[in-house]
Structure formats: structure tokens, C-alpha cells
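Structure first, then comments.
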Amino acid sequence: LYIVKIVLIGGIIYDVRGIGGMSMGKEKSDLWMAISKASTTGFTILCSIGICMGLGYALDHYVGTSPWGLLIGGIVGGFLGLYGVIRQCM
């Protein structure tokens with residue numbers, strides 16, 4: 001459970017972050033940001049490969065060019081996934 005609270009004290013806004021109500025230090029916050037970025041990267045590549053392979057499989061099924069659509073879909077999905085990750089990092 002990740003908790004984010006914005007507290008107004010004396011006209012100053014404080015951003016209090018924590019897990020289960022406990023405050024987190026900067027080190028833990030940086031760790032969670034790194035974990036978040038790594039999981040987003042993996043999910044982006046996995047989804048793009050999966051979607052493109054699914055489209056290639058459907059193309060193979062309707063046109064009858066098995067397994068070329070699946071293979072080309074996987075390669076194109078890999079390149080699109082890497083492009084998406086590079087775009088996210090910049």
C-alpha cells in the first residue's frame with residue numbers, strides 16, 4: 001500500500017509519502033522509482049512484442065503464410081518496444 005498525503009502546515013504544502021503510514025527516506029523513494037522504471041520498461045517491451053506477434057498470428061491465419069507473420073510480428077514488436085523504452089528514457 002503506497003500512501004501519498006499532501007499536508008498544509010502554516011501555509012506551506014508538504015508532500016508526505018510512505019508505505020503503510022510510515023514515512024520513507026530519500027533512499028527508499030529512489031529505490032521505488034528505480035523499481036517502477038524497470039517494471040515499466042519490461043512491461044512496455046513485453047506488450048509490444050505480444051501485440052505484434054498476435055497481429056502476425058492473425059495475419060498468418062487469414063492469409064496462410066504461417067509462420068512468417070508471427071516471426072515478423074515478433075521482430076517488429078521488439079523494435080517498437082525498444083523504441084518506446086528509448087522514448088520514455090529521454
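Count residues from 1 along the sequence.
Expressed to the nearest 0.5 Å, how far SG of Cys89 lies from NZ of Lys37 amounts to 6.0 Å. Note that OG1 of Thr41 is 10.5 Å distant from CD1 of Ile86, once rounded to the nearest 0.5 Å. Taken to the nearest 0.5 Å, the CZ atom of Phe79 stands 10.5 Å off from the CD1 atom of Ile49. Expressed to the nearest 0.5 Å, how far CD1 of Ile35 lies from OG1 of Thr40 amounts to 11.5 Å. Considering CG of Leu80 and OG1 of Thr44, their distance stands at 12.0 Å, rounded to 0.5 Å. For the atom pair CG of Leu82 and CZ of Arg87, the computed distance is 13.0 Å after rounding to the nearest 0.5 Å.
Nearest heavy-atom pair across Leu70 and Met53 is CD1-O, 3.4 Å. Cys52 and Gly73 make their closest contact through CB-O, 3.0 Å (heavy atoms, listed as atom of the first residue, atom of the second, distance).
The closest donor-acceptor contact from the side chain of Ser48 to the backbone of Gly77 lies under 3.5 Å.
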